[in-house]
Structure formats: C-alpha cells, structure tokens
Amino acid sequence: MATTRLDRRRVARVALDLLNETGLDGLTLRAIAKELDVKAPALYWHFKDKQALLDEMATEMVRGAAADLAGTPDADWGTSVTTAMRALRRMLLRYRDGAKVYSGTYFTDTSYAAPVEAQLRCLTEAGFTPGAAARALLTATSYTIGYVIEEQATGPRPGADGAGGEGYDLAARAERLKDYPLAAAAGEEMFRGYEDGFEAGLAAVVAGVGATLLRPGATSSGPGARPA
C-alpha cells in the first residue's frame with residue numbers, strides 16, 4: 001500500500017515545504033497528498049485531522065532547532081534567554097505563517113524538553129524560583145511568538161523572489177489616520193525595521209522579567225547577571 005512509504009516526519013517535512021507556497025489557509029491534506037504523490041486518505045493513517053498535522057509540523061520545527069533553542073546556559077540568564085528567543089524567531093521565520101503553525105500546538109515528542117530544561121536551569125541557578133523561572137520563560141516565549149505572528153502578517157512574505165511585496169502600505173495607513181498624527185507616525189516604528197523592533201521589545205521583556213520576577217538580592221548588577 002502507498003501508506004507504507006510514508007511516516008509522520010516525512011509528511012510534516014513536506015507540509016512545511018509546501019507551507020511557504022500556500023500559507024496556512026491554503027495548506028490542506030489534499031495538497032500535501034498531491035505533493036507526496038499519494039491519495040489523500042493515505043494521510044489519515046497518520047493524522048486524524050489537520051490539527052494533528054500541525055502538531056507534528058511544530059514538533060518537526062523544534063527538532064531542527066533544539067540546540068539553538070537551548071540558548072547559552074553557561075552565560076548569564078539574560079543573555080541565555082535573549083539568545084534562545086532570537087533562535088525561536090529565526091525558526092518561526094523560516095516558514096510562511098510559521099508562528100501561527102507553532103502557536104497553540106501540542107508537541108508529539110519531547111524534542112522541546114531539553115531546551116526548556118536548560119533555560120529553566122539557567123534561570124533557577126541565577127536566583128529565580130522554579131515558578132518565577134517558568135513564568136519568565138513563558139513571558140519571553142509569548143512575546144516572541146506574538147511578535148512574529150504580527151511580523152509575518154504585516155511584513156513581506158518569505159521567498160527569494162520577493163513575490164510577497166513590501167508588506168504593510170504605510171502611506172495608505174497614514175492617510176487613513178491623518179486626523180491621528182501620533183498613531184499615523186507610529187507606523188514606521190511598528191511595521192518597519194522588524195529586526196530592530198524585536199530586539200528593542202525583547203530587551204524590555206528581559207529587563208521587566210528581571211525587575212519583577214527575580215528574587216530580591218539575587219543580583220546586584222542588572223537583569224543579565226548571575227548572583228555573586
């Protein structure tokens with residue numbers, strides 16, 4: 001049978017490749033089956049529905065980036081979290097709608113566990129309680145995923161040929177908001193220079209995490225330092 005040539009990881013990898021062409025809305029089991037040269041029912045041996053496929057796709061994304069997602073545990077906690085979040089953003093940006101695929105999915109194996117463990121260990125060794133470390137990591141991760149969802153929705157679509165255009169039309173936006181000058185001017189900050197914008201927001205998140213979640217007295221030289 002055709003299904004013997006398939007496995008979940010192969011289907012997920014093909015689906016991720018196809019994602020850059022179709023986007024999440026256009027990604028169907030029928031389209032994936034066509035790419036694999038099988039009949040669509042063959043995929044139901046492996047995935048009961050599209051959500052199950054998205055779960056496997058998100059897991060496959062992590063498998064390929066697990067080492068980078070661990071951050072730099074031998075560095076101070078702020079540097080480690082920052083490095084991990086940069087890696088997470090790079091991972092999500094490899095795929096059109098990658099952040100939407102990743103958000104809200106359930107991993108199908110424990111590929112994510114080692115990076116998470118490394119990050120939590122770095123945070124707890126720096127003076128965070130286990131609960132605060134978990135909250136710190138979730139806060140930084142949520143910021144990163146949310147940022148990339150907006151970045152991918154309003155910025156140029158991935159592709160070497162630039163076929164996705166230049167992204168959000170700021171001139172049209174400014175015209176619509178001409179009676180609201182501050183909101184109009186904010187477009188340049190919000191919808192251009194995504195790299196710099198991400199870095200500025202991430203620095204604010206890391207500083208806020210250190211100010212609100214790190215145990216008093218655990219550090220004396222800023223959010224990136226280990227305790228003496």
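As the structure is a computational prediction, the values presented were derived from the model and not from experiment.
Listed here is the closest heavy atom pair of Leu177 and Ala184: O-CB, 3.8 Å. The shortest non-hydrogen separation linking Ile149 to Ala99 is CG1-CB, 3.4 Å. A pairwise comparison of heavy atoms in Ala75 and Cys122 identifies O-SG, 3.9 Å as the closest pair. Smallest separation of non-hydrogen atoms from Ala136 and Leu123: CB-CD1, 4.4 Å. Of all heavy-atom pairs between Leu69 and Ala84, the closest is O-CB, 3.4 Å. Taking all atoms of both residues into account, the shortest heavy-atom contact from Ser80 to Ala70 is OG-O, 4.0 Å.
Without hydrogens or angle criteria, Arg8 side chain to His46 main chain gives a donor-acceptor distance under 3.5 Å. Judged purely by atom type and a 3.5 angstrom limit, Glu188 has no side-chain atom pairing as donor or acceptor with the backbone of Leu170. Panel note: side chain Thr59, backbone Thr108; a donor-acceptor pair is recorded below 3.5 Å.
Of the inter-residue distances, the one linking Arg192 atom CZ with Thr154 atom OG1 reads 8.5 Å to the nearest 0.5 angstrom. To the nearest 0.5 Å, the span separating CG on Leu16 from CG on Leu53 amounts to 8.5 Å. With rounding to the nearest 0.5 angstrom, the OG1 atom of Thr28 is 10.0 Å from the NZ atom of Lys34. Residue Glu117 holds its CD atom at 6.5 Å from CG of Leu120, rounded to the nearest 0.5 Å. A distance of 15.0 Å separates CZ in Arg13 from CG in Leu18, rounded to the nearest 0.5 Å. To the nearest 0.5 Å, atoms CE (Met91) and CE (Met85) are separated by 10.0 Å.
Between Arg63 and Glu56, at least one side-chain nitrogen of the basic residue sits less than 4.0 Å from a carboxylate oxygen of the acidic one, meeting the salt-bridge criterion. In this structure, Glu199 pairs ionically with Arg86, as a charged nitrogen and a carboxylate oxygen lie closer than 4.0 Å.
In this structure the side chain of Leu54 reaches within 4.5 angstrom of the side chain of Leu24, judged on heavy atoms. Between Tyr102 and Leu88 the shortest side-chain heavy-atom distance falls below 4.5 Å. Within the 4.5 Å cutoff, the side chain of Met57 has heavy atoms near those of the Leu27 side chain. A heavy-atom distance below 4.5 Å is not found between the side chains of Phe47 and Asp55. Considering only heavy atoms from C-beta on, Leu36 comes within 4.5 Å of Leu43 through its side chain. In this structure, the side chains of Phe198 and Thr144 come closer than 4.5 Å at one or more pairs of heavy atoms. Side-chain contact between Glu195 and Glu151 is absent, with no heavy-atom pair separated by less than 4.5 Å. Under the 4.5 Å side-chain criterion, counting only non-hydrogen atoms from C-beta, Val101 is not in contact with Tyr95.
Because its NZ or CZ atom is not both nearer than 6.0 Å to the ring centre of Phe191 and within 45° of the ring axis, Arg173 does not count as a cation-pi partner of that residue.
Linking Ile, Leu, Val, Met, Phe, Trp and Tyr whenever their side-chain heavy atoms come within less than 4.5 Å puts Val38 and Tyr44 in one cluster.
More than 12 heavy atoms of other shown residues, nucleotides or ligands fall within 6.0 angstrom of atom CD in Gln51.
Ring orientation note: the planes of Trp77 and Phe128 are nearly perpendicular, at an angle over 60° on the 30°/60° scale.
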